Protein chains: 2
Amino acid sequence: MTEQNLTKNQDLVLNQLGKSKTPMSAYDLLDSLRDKGLKAPLQIYRALDKLTEMGLAHRLESLNAFVACAHPNCHENELIAFGICEKCNKVWEFSDDEVSNRLDLWAKERDFTPVKTSLEIRGICAKCA
Amino acid sequence: MTEQNLTKNQDLVLNQLGKSKTPMSAYDLLDSLRDKGLKAPLQIYRALDKLTEMGLAHRLESLNAFVACAHPNCHENELIAFGICEKCNKVWEFSDDEVSNRLDLWAKERDFTPVKTSLEIRGICAKCA
DNA sequence: TCCTAAATGTAATAACATAACATTGTTGCG
DNA sequence: CGCAACAATGTTATGTTATTACATTTAGGA
């Protein structure tokens, strides 16, 4: 079970992320959750830290923003890639074993121990083209 | 020839990046270049924009920092990947056709038009292990 | 219960990035 | 040459993202 007990703030943040069709920054989240009593960035960042640690949310490095995991039961350790439409801001989450393998190989050849990989394809989606 | 004529600020920034063994943030660069007359963040950011556009420098999204291109004559359009040691901060720049192909395939299948892809493996290098 | 670890609340500040606008430099063309 | 057009620069102010520090509260186990 991935749905371990979330704390109040974590639950608020994850829910808000889940409702959004596009990535939200920490400050977007803060604005949406003010009426739920959240007042400071740190409350958001702390929740996001835990959620990303648990694999329930992901950080998009190239946007400084966050999304709820599209596959809440996904294996935490595999490489997750994102396609991001720069027009409509929608995000596609995917993974590709071939890609994972090639990157693992690169790492093995150099005795490099991967901790966290980010792979983000920014572009224009079919609908927006 | 990739070494088109750089402007004064671009040249200063690229040189400074080239000297550094590790990525530098825009503000790191600003601090290093104050004695050369640079005073404002925007001067740095503008130079970096052009340099990355030309492929002479790269932005590391997961660090909000920049490096000089390791292969100044590299083809601009191919996918560039980075290994980043979280201990010593060294960066390895590489590319992998297999990975590129898989990502191209993903995009083609969805009529997604890639604009810029970032691929960053953060971890611990052999020396730091 | 009592202790500990985790989570929370709050204020202040640090780090990263851009907007707006005035000025200067460069290029090419009539 | 002289002017137009555009690129680059300089400067101030401001916007956005993220963390430090420290006090307080909560939840769960011995």
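From a predicted model like this one, the values you see are computed outputs, not experimental measurements. Throughout, a chain's letter reflects where its sequence line sits, starting with A, and its residues are numbered from 1.
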| query | Reckon A:N64 has a side-chain N or O less than 4.0 Å from the OP1 or OP2 of C:dC16? | reply | no

| Is there a side-chain contact between B:C125 and B:W92 (heavy atoms, below 4.5 Å)? | yes

| said: As a test of understanding, state which of B:L56, B:N15, B:V13 forms a side chain to side chain contact (heavy atoms under 4.5 Å, CB included) with B:L6. | reply: B:L56

| query | Tell me, which pairs form a side-chain hydrogen bond (donor to acceptor under 3.5 Å, both in side chains) where one or both residues lie in residues 101-119 of chain A, sequence neighbours left out? | reply | A:R102-B:D96

| request: Answer whether the closest heavy-atom distance between the side chains of A:C69 and A:E93 falls below 4.5 Å. | output: yes

| B:E61 side chain near A:E120 side chain, heavy-atom distance below 4.5 Å | no

| note | So, with a heavy-atom separation below 4.0 Å from DNA chain C, the residues of residues 16-32 of chain B are B:S25, B:Y27

| remark: d(A:S32 OG, A:L12 CG) to nearest 0.5 Å is 11.0 Å

| said: Under the criterion side-chain contact (heavy atoms from CB on, under 4.5 Å), I'd like the reasoning laid out for B:Q16 against B:K36: C-alpha separation, chi angles, the key distance, then a yes or no. | reply: CA-CA 11 Å; B:Q16 190 61 42; B:K36 298 285 198 305; 5.8 Å; no

| query | Out of curiosity, B:D49 CG to B:M54 CE, how far, rounded to the nearest 0.5 Å? | reply | 10.5 Å

| task | Provide the start and end nucleotides, 5' to 3', of the part of DNA chain D that has atoms under 4.0 Å from heavy atoms of chain B. | result | D:dA8 to D:dT12

| request: Find the distance between CZ (B:F82) and CG (B:L119) and round it off to the nearest 0.5 Å. | output: 9.0 Å

| Separation of C:dA17 C1' from B:Y45 OH (nearest whole Å) | 5 Å

| field | Value rounded to 0.5 Å, distance of CG in A:L33 from CG in A:N9 | value | 8.5 Å

| message | Nearest whole Å is fine: how far is C:dC16 P from A:L63 CG? | response | 18 Å

| message | Generate the contact string for nucleotides 6-11 of chain C. Rules: B means base contact, S means sugar-phosphate contact only, - means no protein heavy atom under 4.0 Å. | response | -SBBB-

| note | For A:S25, the side chain to side chain donor-acceptor pair (under 3.5 Å) test, sequence neighbours excluded, returns A:D28

| Do the non-hydrogen side-chain atoms of B:F66 and B:I44 ever get within less than 4.5 Å of each other? | no

| How bent is the helix from C:dT1-D:dA30 to C:dG30-D:dC1, comparing axes over its five end pairs at each side, to the nearest 10°? | 30°

| request: Take A:S62 and A:R122 through the test side-chain contact (heavy atoms from CB on, under 4.5 Å) and record every step on the way to the result. | output: CA-CA 9 Å; A:S62 69; A:R122 299 181 57 169; 3.2 Å; yes

